[in-house]
Amino acid sequence: MKNIAVIGAGTMGNGIAHTFAQSGYKVNLIDISEVSLVKGLNTIEKNLDRMLTKEKISEVDKKNTLENISTHTNLKNGVKGADLVVEAATENEELKLKIFKDLNDFCASETILATNTSSISITKIATAVTNPARVIGMHFMNPVPIMKLVEVIKGYNTSEEVLNSILKLSEAIGKVPVEVNDYPGFVANRILMPMINEAIETLYNGVAGVYEIDTVMKLGMAHPMGPLQLADFIGLDVCLSILNVMYDGFKNPKYAPCPLLVNMVTAGKLGVKSGEGFYDYTENQQPKVKSARN
């Protein structure tokens, strides 16, 4: 594989584009919004500058990485000639099905179609294409240029050839791929989201405050970030969406989202992206502890 198309210039999309481009691949970064593309490229350049300051890359590495990225607002043009397309659009099943239906029409028959979904069924997404054997999940972790893990999710119809190609490609870009099967939440979020949800329940029930809950998990369990701050970082709307997918998929009440989480999302308190979640980020994006809520 030489040519990669990435759909979505948001946090995950620009991180995925950055990672492939830094590894020498030609990347077409696609988004319907020109503003989002400019913002995505600016983020990539800032992240490269940070790596340059830490002497993890050279000026030449930065220059080559940026030169490897082209931007497109037209999906058909953006995926033309791609060996692999990685969809990193909003975590919305209807939207992803629409994108994959378009990819089925626009891409060559041998193009591998991957989704960065964190919870939606790969098998369901693959129903949008005539050859579901070429559809696979590549669940990168945020921030993509730093985090090593890639969950490689094999749908019910994903071929062994496609699976092996993506496993090898993941290693080629410096990641550690882990093969998992296609069930709600996969592995990462099936374990992570109930923990986050339980932390929110603990706050909701008045057992302890935000700072106290996160401190227990950081100092007692050696987590680099407490579950409530992590939820803010992921996005409370994303956490709610993943929990709903698991709740619908398993019909098990242990995956039911906490009412506090539902209320906060309804109120638009989504975490870092909105400036407020369990912490206040309005001052220089630095988390400021808020009081406990109920």
> So, do Val180 and Val152 sit near enough that their side-chain heavy atoms are less than 4.5 Å apart?
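With C-beta onward as the side chain, the pair stays apart.
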> Under the side-chain hydrogen bond (donor to acceptor under 3.5 Å, both in side chains) rule, collect the residues that match up with Thr202, sequence neighbours excluded.
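Applying side-chain hydrogen bond (donor to acceptor under 3.5 Å, both in side chains) to Thr202 gives none.
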> Are Glu67 and Lys63 close enough for a salt bridge, meaning some N to O gap below 4.0 Å?
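Salt bridge present between Glu67 and Lys63.
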> Can you find a side-chain donor-acceptor pair between Thr282 and Asp280 that sits under 3.5 Å?
yes
> Less than 4.0 Å between a side-chain N and a carboxylate O, is that true for Lys154 and Glu160?
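Answer for the salt bridge query: yes.
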> Is there side-chain contact between Pro257 and Asn244, with heavy atoms separated by less than 4.5 Å?
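Yes, close enough: below the 4.5 Å cut-off.
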> Could you tell me which residues satisfy side-chain hydrogen bond (donor to acceptor under 3.5 Å, both in side chains) with Glu201, sequence neighbours excluded, listed by chain and number?
none
> Are Ile196 and Val289 co-members of a hydrophobic cluster defined by side-chain heavy atoms under 4.5 Å apart?
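Yes; tracing contacts between hydrophobic side chains, which count when under 4.5 Å, links both residues.
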> Considering residues, nucleotides and ligands other than Tyr281, do more than 12 of their heavy atoms fall under 6.0 Å from its OH?
yes
> Under 4.5 Å between any side-chain heavy atoms of Ile146 and Met51, yes or no?
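Of all side-chain heavy-atom pairs linking Met51 with Ile146, none is under 4.5 Å.
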> Indicate yes or no: does Lys98 engage Asp102 in a salt bridge with an N to O separation below 4.0 Å.
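Between Asp102 and Lys98 there is a salt bridge, with a charged N closer than 4.0 Å to a carboxylate O.
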> Do the side chains of Glu93 and Lys124 get close enough for a salt bridge, i.e. N-O under 4.0 angstrom?
yes
> Which one of Ile69, Leu169, Asn68 satisfies the side-chain contact (heavy atoms from CB on, under 4.5 Å) criterion with Phe20?
Leu169
> Mind listing the side-chain donor-acceptor pairs of residues 76-84 below 3.5 Å, one per line with the distance, residues two or more places apart or on another chain?
| unit_1 | atom_1 | unit_2 | atom_2 | d |
| --- | --- | --- | --- | --- |
| Asp83 | OD2 | Lys2 | N | 2.9 |
| Asp83 | OD2 | Asn3 | N | 2.9 |

